[in-house]
Amino acid sequence: ADSDNKGVNSGRLVACITTLFLFSKIRPQLMVKHAMTMQPYLTTKCSTQNDFMVICNVAKILELLVPLMEHPSETFLATIEEDLMKLIIKYGMTVVQHCVSCLGAVVNKVTQNYKFVWACFNRYYGALSKLKNQHQEDPNSTILTANKPALLRSLFTVGALCRHFDFDQEDFKGNSKVNIKDKVLELLMYFTKHSDEEVQTKAIIGLGFAFIQHPSLMFEQEVKTLYNSILSDKNCSVNLKIQVLKNLQTYLQEEDTRMQQADRDWKKVAKQEDLKEMGDISSGMSSSIMQLYLKQVLEAFFHTQSSVRHFALNVIALTLNQGLIHPVQCVPYLIAMGTDPEPSMRNKADQQLVEIDKKYAGFIHMKAVAGMKMSYQVQQAINTCPQDPVRGFRHDESSNALCSHLYSMIRGNRQHRRAFLISLLNLFDDTAKTEVNMLLYIADNLACFPYQTQEEPLFIMHHIDITLSVSGSNLLQSFKESMVKDKKKERKPSSDEETESDSNSGSESKSEEEASKPRRLRKRVNSDSDSDEENDINAVMKCLPENSAPLIEFANVSQGILLLLMLKQHLKNLCGFSDSKIQKYSPSESAKVYDKAINRKAGVHFHPKQTLDFLRSDMANSKITEEVKRSIVKQYLDFKLLMEHLDPDEEEEDGEVSASTNARNKAITSLLGGGSPKNNAAETEDDESDGEDRGGGTSGVRRR
């Protein structure tokens, strides 16, 4: 019971002292007279986590109070110095850090007892030099293994002391000509190349401390090489990456505190000083430093581990908040980080974008497409299961687009919004050669963006029609050419085969011609359409070249068009638009006409089955079987049918038109995998009886 009680009490003590630290932080004057009361707690026997918390908080309190005391007694100050030194020598990293910091305040601002600190520094610095020499003589020596704890402690403590004391001052080294900061840099750099990762990490922590006292060391070539190689090397350990990012973060936080302090000090002596110059020198230095490491820190956003992304984002946020770099270069990366699975990171990235947008209108729109592409890279890096294609919406009940915040920032400006949407749709063009999974990712986003007015999805559908008519024709044309051309190439026979092969190629090109005629012009034998389709497939199969590359190419390029078809169908179902509504839409119409809010249907999900199958089966790299060939040929024929019926001729009789509409619907249903009518085009479209084509925009373009 007694020990339990002690536990409760120590918990209460921690709470008390932590609260007193907060008082000291905000109004240290209130606490000055209690400094003597706090000092004995530095000698607390440390056994539990609570004991350590007491010591660290007391050190933080005394650091703030001692410099404010009027005429503190010599013995009081000497006791504090002794207590702190004992703690530095005995305990772990957190205690060392807070105690060195407190010692810095006491010695630098009050006692000027430099010899005391110099002796401590030399003790650890000497130990490091000795360990370095031993390691150089024999890297595998057993002495080193036994001395590893001493090595780790020395690396950390030398760094911590260099952070709070400038040992190149005469007060420390007297009239010695040795440059201490360079010597420390050389020692710590030596151990960053050690084979043991724990030693490397401690050396990097030590460097980070030293750079706070001497930021100019970060311009040294060896430091740049070390930091940038750790950040950019894919195989480098996560711990080292995080430590380098933490070093930069701590440096920026310290700079910020320093600037604020300088600001406060200046306000006291405002008349005599020119503040602008004071501030500029310091921020000029941190700005130059961040320019050196910016690219590598931004690239750390593409890391699988969320902790690496977390610290990279912290560094970028600090850099932007202090105005150290031009924000435009960070915009695409921040857009990408806005898709992070962790809400705290998303919100932080989005917040930075909002700030940039306030100050610099148009920057977000300017980098939006680059940002979308980068967000795909981030998602690829995070994707733990490479067999599964990367998707562009959240896998939760909201099914929001990953880039929905970006869209909501752009959508308010009609001109920016349209330019953005057209740029995304252009990626689906057959000439853009965008990889299929990225197209799927963008289609996902387009399917799930937070559209508010009817104009937004209608504009997309209108442009899908235009892209379909152009890309679709190109696609069919190249497929046809590959069949005929490749046949001829392969038919250059040796002379004795010549006559036989001529007759062959004649008959085959005839059957190909038959298959590529529009169906309604073909000689109709009264057979049902299924066997008709079989014949078509067989006819084309006969004309396929030996080399299956054009087939694969067709399957690959057609994914973009399939996704657009699917997307159009999805938006149509989601918003409940009729065909005639889509067809009557004109982008040049005044905005008011389509300003009505969208009436979203529940439970409509975007599921482009064919593209998912294509990616999962890794068709682009797999061996092509007869069955796969048949399915691609069927896809080609459905495509051809769709393209023929994209624009019915005006002269056709009424009856013919509905047949054309049915043919088109059948082709779409077949192309999109014929699943539930929810996501496919297998609806009967009554409102099309006026005989107009479904894509008003398209037919207009092509007839002209």
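If you read the sequence from its start, that first residue is 1, and numbering goes on from there. No hydrogens, no waters, no symmetry mates; every other heavy atom, side chains included, goes into these values.
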So how far is it from [X] [atom1] to [Y] [atom2], rounded to the nearest 0.5 Å?
{"X": "I230", "Y": "L240", "atom1": "CD1", "atom2": "CG", "result": "5.0 Å"}
{"X": "L439", "Y": "Y376", "atom1": "CG", "atom2": "OH", "result": "9.0 Å"}
{"X": "C236", "Y": "K241", "atom1": "SG", "atom2": "NZ", "result": "5.5 Å"}
{"X": "Y585", "Y": "K581", "atom1": "OH", "atom2": "NZ", "result": "11.0 Å"}
{"X": "L320", "Y": "H326", "atom1": "CG", "atom2": "NE2", "result": "11.0 Å"}
{"X": "M337", "Y": "I316", "atom1": "CE", "atom2": "CD1", "result": "10.0 Å"}

Give the minimum heavy-atom separation between [X] and [Y], together with the two atoms involved.
{"X": "L334", "Y": "F301", "answer": "N-CE2, 4.4 Å"}
{"X": "I325", "Y": "C330", "answer": "CD1-SG, 3.5 Å"}
{"X": "L571", "Y": "A447", "answer": "CD2-O, 4.4 Å"}
{"X": "L298", "Y": "Q329", "answer": "CD1-O, 4.1 Å"}
{"X": "L612", "Y": "H607", "answer": "CD1-CE1, 3.4 Å"}
{"X": "I582", "Y": "L458", "answer": "CA-CD2, 3.9 Å"}

Evaluate the ring planes of [X] and [Y], with Trp represented by its six-membered ring, and classify them as parallel (under 30°), tilted (30 to 60°) or perpendicular (over 60°).
{"X": "Y333", "Y": "F302", "result": "tilted"}
{"X": "F479", "Y": "F554", "result": "tilted"}
{"X": "Y407", "Y": "Y451", "result": "perpendicular"}

Whether [Y] and [X] form a salt bridge (side-chain N of Lys/Arg under 4.0 Å from carboxylate O of Asp/Glu) is what I want to check.
{"X": "R418", "Y": "E455", "answer": "yes"}
{"X": "K295", "Y": "E299", "answer": "yes"}
{"X": "R346", "Y": "D350", "answer": "no"}

Side chain [X], main chain [Y], donor-acceptor under 3.5 Å:
{"X": "D429", "Y": "S471", "result": "no"}
{"X": "D340", "Y": "M345", "result": "no"}
{"X": "Q559", "Y": "A555", "result": "yes"}
{"X": "D396", "Y": "S399", "result": "yes"}
{"X": "N383", "Y": "D388", "result": "yes"}
{"X": "Q379", "Y": "G392", "result": "no"}
{"X": "T434", "Y": "L427", "result": "yes"}

>> If you apply the rule side chain to side chain donor-acceptor pair (under 3.5 Å), what do you find for K246 with N314, and how did you get there?
In response: CA-CA 9 Å; K246 275 184 179 169; N314 281 356; over 6 Å; no

>> Test of understanding: with salt bridge (charged side-chain N to carboxylate O under 4.0 Å, His left out), list the residues that count as partners of D233, not counting sequence neighbours.
In response: none

>> Using the ring centroid of each side chain, check whether F311 and H303 are separated by less than 6.0 Å.
In response: no

>> Are F393 and H395, when compared by the centres of their aromatic rings, separated by less than 6.0 Å?
In response: yes

Quick one, [X] and [Y] - any side-chain contact, counting heavy atoms below 4.5 Å?
{"X": "L424", "Y": "F449", "value": "yes"}
{"X": "V378", "Y": "M374", "value": "no"}
{"X": "T304", "Y": "I382", "value": "no"}
{"X": "V315", "Y": "Y293", "value": "no"}
{"X": "I466", "Y": "H462", "value": "yes"}
{"X": "N400", "Y": "P450", "value": "no"}
{"X": "M409", "Y": "D357", "value": "yes"}
{"X": "N321", "Y": "L318", "value": "no"}

> With F428, which of L567, L562, L446, I464 fulfils side-chain contact (heavy atoms from CB on, under 4.5 Å)?
Replying inline: L446

> What's the verdict on side-chain contact (heavy atoms from CB on, under 4.5 Å) for R414 and F459, showing C-alpha distance, side-chain angles and the deciding distance?
Replying inline: CA-CA 11 Å; R414 184 177 176 191; F459 180 79; over 6 Å; no

> Would N445 and I442 count as a side-chain contact (heavy atoms from CB on, under 4.5 Å) if you check the C-alpha gap in whole Å, the side-chain angles of each, and the deciding distance to 0.1 Å?
Replying inline: CA-CA 5 Å; N445 273 288; I442 289 170; 5.6 Å; no

Checking [Y] against [X]: is there a side-chain donor and acceptor pair closer than 3.5 Å?
{"X": "Q296", "Y": "S232", "result": "no"}
{"X": "E456", "Y": "T453", "result": "yes"}
{"X": "S375", "Y": "Y441", "result": "yes"}

>> Show, in sequence, the C-alpha distance, side-chain angles and deciding distance for L440 and N437, and conclude whether the side-chain contact (heavy atoms from CB on, under 4.5 Å) test is met.
In response: CA-CA 5 Å; L440 170 67; N437 197 344; 4.0 Å; yes

>> Please determine whether side-chain contact (heavy atoms from CB on, under 4.5 Å) holds for the pair H416 and I364, giving the CA-CA distance in whole Å, both sets of side-chain angles, and the decisive distance to 0.1 Å.
In response: CA-CA 10 Å; H416 286 178; I364 310 295; over 6 Å; no

>> Would you say NZ of K373 has more than 12 non-hydrogen atoms from neighbouring residues, nucleotides or ligands within 6.0 angstrom?
In response: no

>> More than 12 heavy atoms of other residues, nucleotides or ligands under 6.0 Å from NZ of K601: yes or no?
In response: yes

